Protein chains: 2
Amino acid sequence: MSTRADVAKLAGVSESTVSYVLSGKRPISDSTKQRVLAAIDQLGYKLNYAAAALAGGSPRMVTMMTSNLFLAPPSRIDGALVDGIVNGVRGSGFHSVIWPISNEDDSDIEMLLELNFSGGVILMNVMENDPRVHTLERAKVPFVVLGRTEVGFAYNYVDRDFENVYKLALAHLKELGHTHIGVISGNSEIHDFLKKAAAKLKLTLNLLSIRNNHDGGITLAKDFTKKYPNVTGIISLLDIATVSFVNAATSQGISIPGDISIVGVNMLEEQAESSSPKISTVAFNAYEMAISCGKIMVEVIEAGKNSKKKKSELWVGDFIDRGSTSQL
Amino acid sequence: MSTRADVAKLAGVSESTVSYVLSGKRPISDSTKQRVLAAIDQLGYKLNYAAAALAGGSPRMVTMMTSNLFLAPPSRIDGALVDGIVNGVRGSGFHSVIWPISNEDDSDIEMLLELNFSGGVILMNVMENDPRVHTLERAKVPFVVLGRTEVGFAYNYVDRDFENVYKLALAHLKELGHTHIGVISGNSEIHDFLKKAAAKLKLTLNLLSIRNNHDGGITLAKDFTKKYPNVTGIISLLDIATVSFVNAATSQGISIPGDISIVGVNMLEEQAESSSPKISTVAFNAYEMAISCGKIMVEVIEAGKNSKKKKSELWVGDFIDRGSTSQL
DNA sequence: CGAAATCATCGACGCGCGTCGATAATGTAG
DNA sequence: CTACATTATCGACGCGCGTCGATGATTTCG
């Protein structure tokens with residue numbers, strides 16, 4: 001393993017010059033820069049991670065902090081997000097790592113920060129008013145939240161523009177004449193953005209709360225028309241259960257889109273096309289969004305502590321018609 | 001953030017004494033040991049990760065190296081394994097981290113090693129003759145393979161004792177009078193251990209190769225009895241598809257265990273109990289196995305380069321009767 | 001009681017790199 | 001040609017810790 005000293009010797013310059021070539025924090029003439037880079041290439045020199053961190057450089061490593069990636073039934077979406085982040089930061093010469101935290105215990109987070117081996121943190125699977133955000137804030141680590149946790153507090157985030165995603169889905173259903181809309185969700189309450197969007201369009205919402213698994217969808221399909229005679233349109237916030245629901249409903253004689261129109265807003269294309277019939281969605285480009293999140297993370301790290309400006313991004317997708325909706 | 005110097009000053013000892021208290025590599029009298037520990041406690045001192053790594057200490061961090069955790073449909077089993085490893089090493093004061101590698105490209109692995117921020121590597125999702133094993137071997141990093149990749153090459157591993165797992169499942173089916181056994185698998189060939197076990201018991205195997213998803217199970221169930229009239233017993237190496245198969249077969253009038261007896265060998269209990277009827281299995285204690293793997297990893301790291309002895313462990317589970325098999 | 005062995009502890013050095021202050025080389029204006 | 005700003009480069013130091021050799025304290029044995 002060659003060191004900075006080896007590179008300096010081979011290039012005939014001082015060690016600090018090598019450092020400045022790499023960091024670009026001081027001007028270096030083109031000629032020496034070339035020589036140094038050639039030496040680096042020839043020796044296959046790699047920056048020693050630990051030494052750089054010790055000497056005060058921010059490590060070129062991004063940590064994805066996630067708690068429920070492995071406890072809950074794993075979703076394709078989580079996979080797409082992880083994958084996107086990895087590729088997003090890779091392009092900038094950063095590495096990425098997943099830091100599994102087992103529970104609500106803060107000690108895992110603080111461990112990570114104390115180790116100081118991570119240049120930035122991407123917080124995933126956030127909840128409303130997630131306390132971890134404040135832990136990160138206090139620790140003064142550059143971080144980006146994938147999702148949003150609360151208002152009135154400035155932080156970097158990348159999220160879906162749920163306000164418009166819901167509006168898009170509901171507007172489509174309303175245009176087709178549907179007024180009583182079922183909401184397939186894993187929560188016991190309807191999300192505020194969704195309530196607001198429905199109110200504006202004067203639609204009636206009906207919460208259909210199920211677990212996001214195969215069983216959840218099947219259970220919901222059973223006696224659906226008897227239980228929810230008014231519901232003709234559905235907006236679904238789940239993925240796995242939605243596929244099962246559509247399959248199950250169809251096989252027991254409910255026609256989609258004849259009897260029920262359904263729009264998914266939280267599914268990957270692959271999933272939306274795995275059911276029969278296929279499911280129209282408001283596209284959720286999870287992978288692309290995660291790539292962008294990774295890039296923003298890198299920008300935030302490189303901007304350094306000096307920059308107080310927070311970056312954020314909201315993603316809407318197009319409505320993709322796969323034929324699961326029709327005129328009432 | 002307090003340092004070793006702070007602790008030394010407070011305890012009234014030299015810095016090296018503090019180090020030796022922590023590492024235990026030189027004898028320290030009880031009285032000073034107590035004083036040092038008290039000072040550490042009082043200051044909330046934490047070993048600086050980067051400095052320790054730089055100075056040559058092996059970092060108290062374990063890296064799980066996995067490629068297809070996020071590309072393939074995620075399985076509950078992978079989750080259980082990750083979770084087990086995390087908890088297994090946590091008990092020994094190690095941290096663990098997932099290093100996602102995107103493809104067959106070795107550069108990701110070498111990056112990890114060059115960074116030298118990992119005390120040991122647990123290689124997951126290994127294939128037969130996995131080249132990564134040799135990369136790790138060459139790099140002289142302590143590593144443990146979760147699974148087995150090839151014979152005639154000494155490395156640390158933890159794996160299921162497939163030879164006996166298969167034997168247990170097949171013997172059970174044979175006792176009940178089944179002679180033509182279907183093998184539900186995702187591969188295009190039958191695993192050697194399984195072939196051998198069948199040969200010894202004079203059973204005929206019939207490969208039923210499907211994808212490990214909901215569709216795979218349903219497709220297989222369709223016209224099963226027409227396509228495979230001889231097959232009365234099944235040993236399934238998949239999890240998700242098996243649940244779907246059992247559900248689908250049952251709902252189209254095939255009686256389990258009346259018409260077909262089935263034994264799963266690669267499922268979590270939770271999964272085996274989610275179908276109707278439930279599925280008898282040879283228990284796969286993935287979580288417990290992973291905990292053990294984590295502990296072995298720590299042992300290997302702490303044994304250091306001096307110890308040439310390789311550790312390995314093979315796990316068999318009990319046959320758990322859930323009523324999915326019966327006398328022919 | 002003195003010499004040797006053992007034990008507990010200390011001091012110093014180096015790991016590889018980031019960065020500050022200083023210096024040498026070059027350019028600019030008076 | 002001198003005085004001074006600018007640019008390019010160097011040398012030295014410190015980050016926090018692991019570890020080796022050395023020192024002083026204590027015990028053991030002849």
Side-chain angles (χ1 to χ4, degrees), chain A residues 1-37 39-40 43-61 93 113-117 119 301-302 304-306, chain B residues 1-37 39-40 43-61 93 113-117 119 301-302 304-306:
Chain A
M1 206 78 296
S2 53
T3 70
R4 183 178 71 170
D6 301 329
V7 174
K9 200 183 297 172
L10 180 59
V13 298
S14 78
E15 293 193 35
S16 55
T17 299
V18 175
S19 281
Y20 286 122
V21 167
L22 290 173
S23 73
K25 293 195 177 173
R26 282 199 185 175
I28 298 289
S29 71
D30 271 353
S31 65
T32 62
K33 198 178 291 183
Q34 296 310 324
R35 255 181 310 139
V36 170
L37 292 176
I40 287 177
L43 293 172
Y45 165 79
K46 292 272 166 45
L47 186 64
N48 180 301
Y49 186 83
L54 179 58
S58 75
R60 296 182 77 75
M61 172 104 64
L113 303 176
E114 283 160 1
L115 293 178
N116 178 244
F117 87 125
I301 292 175
E302 291 188 334
K305 328 274 185 192
N306 45 353
Chain B
M1 204 80 293
S2 53
T3 70
R4 183 178 70 169
D6 300 330
V7 174
K9 200 184 299 173
L10 180 59
V13 299
S14 76
E15 293 193 35
S16 55
T17 300
V18 175
S19 282
Y20 286 122
V21 166
L22 290 173
S23 73
K25 292 194 178 173
R26 282 199 185 175
I28 299 288
S29 71
D30 271 353
S31 64
T32 63
K33 198 177 293 184
Q34 297 310 324
R35 254 182 308 140
V36 169
L37 292 176
I40 287 177
L43 293 173
Y45 165 79
K46 292 272 166 46
L47 186 64
N48 179 301
Y49 185 83
L54 178 59
S58 72
R60 297 183 77 76
M61 172 105 64
L113 303 176
E114 283 160 1
L115 292 178
N116 178 243
F117 87 126
I301 292 175
E302 292 189 332
K305 328 273 186 192
N306 46 353

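Proteins get letters first, then strands, A, B, ... in listed order; numbering begins at 1 in each. Since the model is a prediction, treat every value here as computed from it, not as a measurement. What's counted below: heavy atoms across the whole structure, side chains too, no hydrogens, waters or symmetry copies.
- Listed pair T32(B) / dT9(C) meets the phosphate criterion, a side-chain N or O lying under 4.0 Å from OP1 or OP2.
- Fit an axis to the five pairs at each end of the helix from dC1(C)-dG30(D) to dG30(C)-dC1(D) and the two axes sit 50° apart, to the nearest 10 degrees.
- Considering every non-hydrogen atom in both A53(B) and A50(A), the closest pair reads CB-CB, 3.7 Å.
- Contact record, A11(A) with V36(A): CB-CA, 4.0 Å, taken as the closest heavy-atom pair.
- Among V18(B), V13(B), T17(B), the one residue that satisfies the side-chain contact (heavy atoms from CB on, under 4.5 Å) test with V7(B) is V18(B).
- In this structure, V13(A) reaches the sugar-phosphate backbone alone: every heavy-atom distance under 4.0 Å involves primed, P, OP1 or OP2 atoms, never a base.
- Listed pair T17(A) / dA8(D) fails the phosphate criterion, with no side-chain N or O lying under 4.0 Å from OP1 or OP2.
- N48(A) is not listed as a side-chain neighbour of T3(A), based on a closest heavy-atom distance of 4.5 Å or more.
- Minimum heavy-atom separation, R4(B) to Y45(B): N-CE1, 3.5 Å.
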(request) Would you please test I40(A) and L22(A) for side-chain contact (heavy atoms from CB on, under 4.5 Å) and show each step? (result) CA-CA 10 Å; I40(A) 287 177; L22(A) 290 173; 3.8 Å; yes
With the criterion being N/O to N/O and under 3.5 Å, what pairs connect the protein with nucleotides 14-21 of chain C, and how long is each?
| unit_1 | atom_1 | unit_2 | atom_2 | d |
| --- | --- | --- | --- | --- |
| dC17(C) | OP1 | Y45(A) | OH | 2.4 |
| dC17(C) | OP1 | N48(A) | N | 3.2 |
| dC17(C) | OP2 | R4(A) | N | 2.5 |
| dG18(C) | OP2 | S19(A) | OG | 3.1 |
| dG18(C) | O4' | A55(A) | O | 3.3 |
| dG18(C) | N7 | R4(A) | NH1 | 2.7 |
| dG18(C) | O6 | R4(A) | NH2 | 3.1 |
| dT19(C) | OP2 | K25(A) | NZ | 3.1 |
| dC20(C) | N4 | Y20(A) | OH | 2.8 |
| dG21(C) | N7 | R26(A) | NH2 | 3.4 |
| dG21(C) | O6 | R26(A) | NH1 | 2.2 |
| dG21(C) | O6 | R26(A) | NH2 | 3.3 |

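- Here dG11(D) presents its P atom at 14 Å from NZ of K9(A), a figure rounded to the nearest Å.
- One can place CG of D30(B) at 15 Å from P of dC7(C), the figure rounded to the nearest angstrom.
- Here the shortest heavy-atom pairing between L54(B) and A51(A) reads CD1-CB, 3.7 Å.
- When all heavy atoms are compared, the tightest approach of E15(A) to A5(A) is OE2-CB, 3.6 Å.
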